[in-house]
Asker: 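One structure, pasted below without further comment.
When a residue number appears, it is its place in the shown sequence, counting from 1. One-based numbering, in listed order, for ligands and for the atoms of each. None of these values were measured; they are calculated from a predicted model.
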Amino acid sequence: MNPQDVLHALGLNAGLHTDGDLPVHSPIDGACIARLPTHAPDDARALIGAAHEAFQAWRQVPAPRRGELVRLLGEELRAHKQALGRLVSLEAGKIAAEGEGEVQEMIDICDFAVGLSRQLHGLTIASERPGHRMMETWHPLGVVGVISAFNFPVAVWSWNAALALVCGNPVVWKPSEKTPLTALACQALFRRALTRFGDAPEGLLHVLVGGRDLGEILVDDPRVALVSATGSTRMGREVGPRVARRFGRCLLELGGNNALIVAPSADLDMAARAILFGAIGTAGQRCTTTRRLIVHESVADALLARLKTAYASARVGDPLDSGTLVGPLIDRAAYDAMQAALAQARDQGGTITGGERLLADRYPDAWYVRPALAEMPGQTDVVRHETFAPILYVLRYRDFDEALALHNDVPQGLSSAIFTTDLRESETFLSAAGSDCGIANVNIGTSGAEIGGAFGGEKETGGGRESGSDAWKAYMRRATNTINYSRELPLAQGIRFG
Ligand code: UN1
């Protein structure tokens with residue numbers, strides 16, 4: 001399927017605009033696959049206004065009925081899984097299995113949200129006063145602004161949108177300007193779901209096509225109750241305080257610098273497989289990518305030998321060819337950042353294997369690399385920094401406390417893992433004194449989380465939680481209600497007044 005057929009299958013019948021001001025390039029070969037018209041700032045404000053109006057009606061629709069819309073969206077995603085996965089590959093460069101996997105993640109969160117639509121529970125709380133009852137009620141919050149990144153161009157939107165919609169909130173979505181086509185495809189699928197649903201208010205989902213200025217409008221508009229932003233720590237540092245200044249809510253999912261500890265008792269076969277998927281999968285462009293390997297000196301040589309063999313033979317190339325494990329980097333800037341990080345790693349005493357550009361003859365305008373292993377003498381500056389590329393820094397350790405200290409001694413706190421069969425080590429890793437990340441795993445890798453758990457991390461990762469568990473609470477406002485069914489008016493704390 002070429003891009004035109006894929007878009008047609010997804011209901012983008014207008015095809016590829018050729019006259020817009022935003023060129024969209026496929027990282028597979030660098031070709032321009034579309035030119036989209038962008039939204040002017042005033043259009044964006046008007047769309048936020050329309051969403052705000054939709055909120056007035058949507059918040060009064062019973063939550064299980066709102067769930068029905070998300071159920072229908074899930075059906076559209078099931079029916080179009082292959083085409084949308086293909087478009088993810090074309091626009092973001094993911095291998096086919098990961099493109100489709102991303103759509104599966106969308107389907108899963110829709111299923112989750114449908115169930116959730118009947119479980120937006122509050123508590124009933126014992127009152128200290130006779131003839132009184134306390135309870136909490138969860139109400140829809142308002143327009144949810146979603147700012148998403150190129151690397152999960154559709155799944156991260158769906159985590160937010162599926163929850164926001166069942167919670168009673170319209171969504172205004174500013175996708176990465178590198179991946180607007182997948183966003184328009186989601187919007188088209190959503191429209192189909194809306195048509196089948198019947199009586200939803202207009203304006204439940206808007207997509208803003210364009211650059212950073214549109215994101216800033218979402219950030220600054222007081223009608224946007226929650227800004228859920230995924231991207232770099234630099235972006236989050238700007239978004240967080242700006243939203244806070246207007247007392248809006250923010251959900252930040254920022255950089256990771258995820259480490260995997262391999263202890264002496266680890267199953268090295270399993271560890272090697274997990275490291276490979278975590279470090280080179282998605283060409284190192286997941287926020288959960290394994291970026292640091294902290295390996296016990298007794299098993300380091302054996303593990304590194306396996307990894308070097310696997311790295312050398314991992315097929316890098318067209319992500320749509322079966323057998324390819326590593327697709328392209330998103331663009332030249334990503335390649336340059338990777339090369340700069342490798343140069344720094346060398347300066348800081350590192351020994352690098354791989355990292356070179358590949359397939360430049362065949363794809364002069366695309367950026368394929370051999371994933372890199374960087375054996376470091378310690379946790380130097382470059383290791384503490386997130387470079388969004390397939391570089392795995394390798395650090396050796398002698399005792400477990402040293403490994404834990406190294407593990408936590410970075411500014412980011414998203415995902416983490418330990419491979420060990422020693423109960424004391426694994427429990428310590430999961431304990432209050434263990435990994436300081438939002439995600440901590442035992443005998444599985446750092447990436448590829450299921451949607452059922454809350455997703456997000458601490459420190460410079462931003463503290464937000466999306467997706468499963470009770471992450472829905474970020475999308476609602478809580479009211480505490482005290483009801484007096486007695487004929488007296490006792491005050492709390494036993495206060496007598498007058
Ligand atoms: C991201 O990279 O922004 O856990 C999200 C994972 C995926 C989501 C990654 N389920 O790797």
Asker: Specify the protein heavy atom at minimum distance from atom 6 (C) of ligand 1: its residue, its atom name, and the distance to 0.1 Å.
Answerer: Gly448 N, 3.2 Å
Asker: Got a sec, which residues hit salt bridge (Lys or Arg N to Asp or Glu O under 4.0 Å) with Arg223, two or more places apart in sequence or on another chain?
Answerer: Asp221
Asker: Do Val24 and Arg35 have side-chain heavy atoms sitting under 4.5 Å apart?
Answerer: no
Asker: Using atom types as modelled and distance alone, determine if a side-chain donor or acceptor of Arg291 lies under 3.5 Å from a backbone N or O of Thr387.
Answerer: yes
Asker: Distance to 0.1 Å, residue and atom name: give those for the protein heavy atom nearest to atom 4 (O) of ligand 1.
Answerer: Ala449 N, 2.7 Å
Asker: Identify the protein heavy atom lying closest to atom 3 (O) of ligand 1, giving its residue, its atom name and the separation to 0.1 Å.
Answerer: Cys287 SG, 2.8 Å
Asker: Which atoms of ligand 1 are found less than 4.0 Å from any heavy atom of Thr288?
Answerer: 4 (O), 6 (C), 11 (O)
Asker: Heavy-atom pairs closer than 4.0 Å: do any link ligand 1 to the side chain of Ile451, the backbone, both, or neither?
Answerer: neither
Asker: How does Glu450 reach ligand 1, by side chain, by backbone, by both or by neither, if only non-hydrogen atoms under 4.0 Å count?
Answerer: neither
Asker: Tell me if a side-chain donor or acceptor on Thr420 pairs with a main-chain N or O of Asp422 at a distance below 3.5 Å.
Answerer: yes
Asker: Around atom 10 (N) of ligand 1, find the nearest protein heavy atom and jot down its residue, atom name and distance.
Answerer: Glu105 OE2, 2.9 Å
Asker: Cation-pi between Arg477 and Trp138: NZ/CZ under 6.0 Å from ring centre and within 45° of the ring axis?
Answerer: no
Asker: Give me the residue, atom name and distance of the protein heavy atom closest to atom 9 (C) of ligand 1.
Answerer: Phe152 CE1, 3.5 Å
Asker: For ligand 1, is there an N or O atom under 3.5 Å from any N or O atom of Asn151?
Answerer: yes
Asker: Which atoms from ligand 1 have a heavy atom of Trp159 less than 4.0 Å away?
Answerer: 5 (C), 8 (C)
Asker: Taking ring pair (Phe, Tyr, Trp, His ring centres under 6.0 Å) as the definition, give me every residue that meets it alongside His296, ordered by chain and number, with sequence neighbours left out.
Answerer: Tyr397
Asker: Going by the atom numbers of ligand 1, which of them fall below 4.0 Å from some non-hydrogen atom of Arg286?
Answerer: 2 (O), 6 (C), 7 (C), 11 (O)
Asker: Assess the side chains of Ser26 and Glu91: does a donor N or O sit below 3.5 Å from an acceptor N or O?
Answerer: no
Asker: Output yes when a side-chain donor or acceptor of Asp29 lies under 3.5 Å from a complementary backbone atom of Asp365, and no otherwise.
Answerer: no
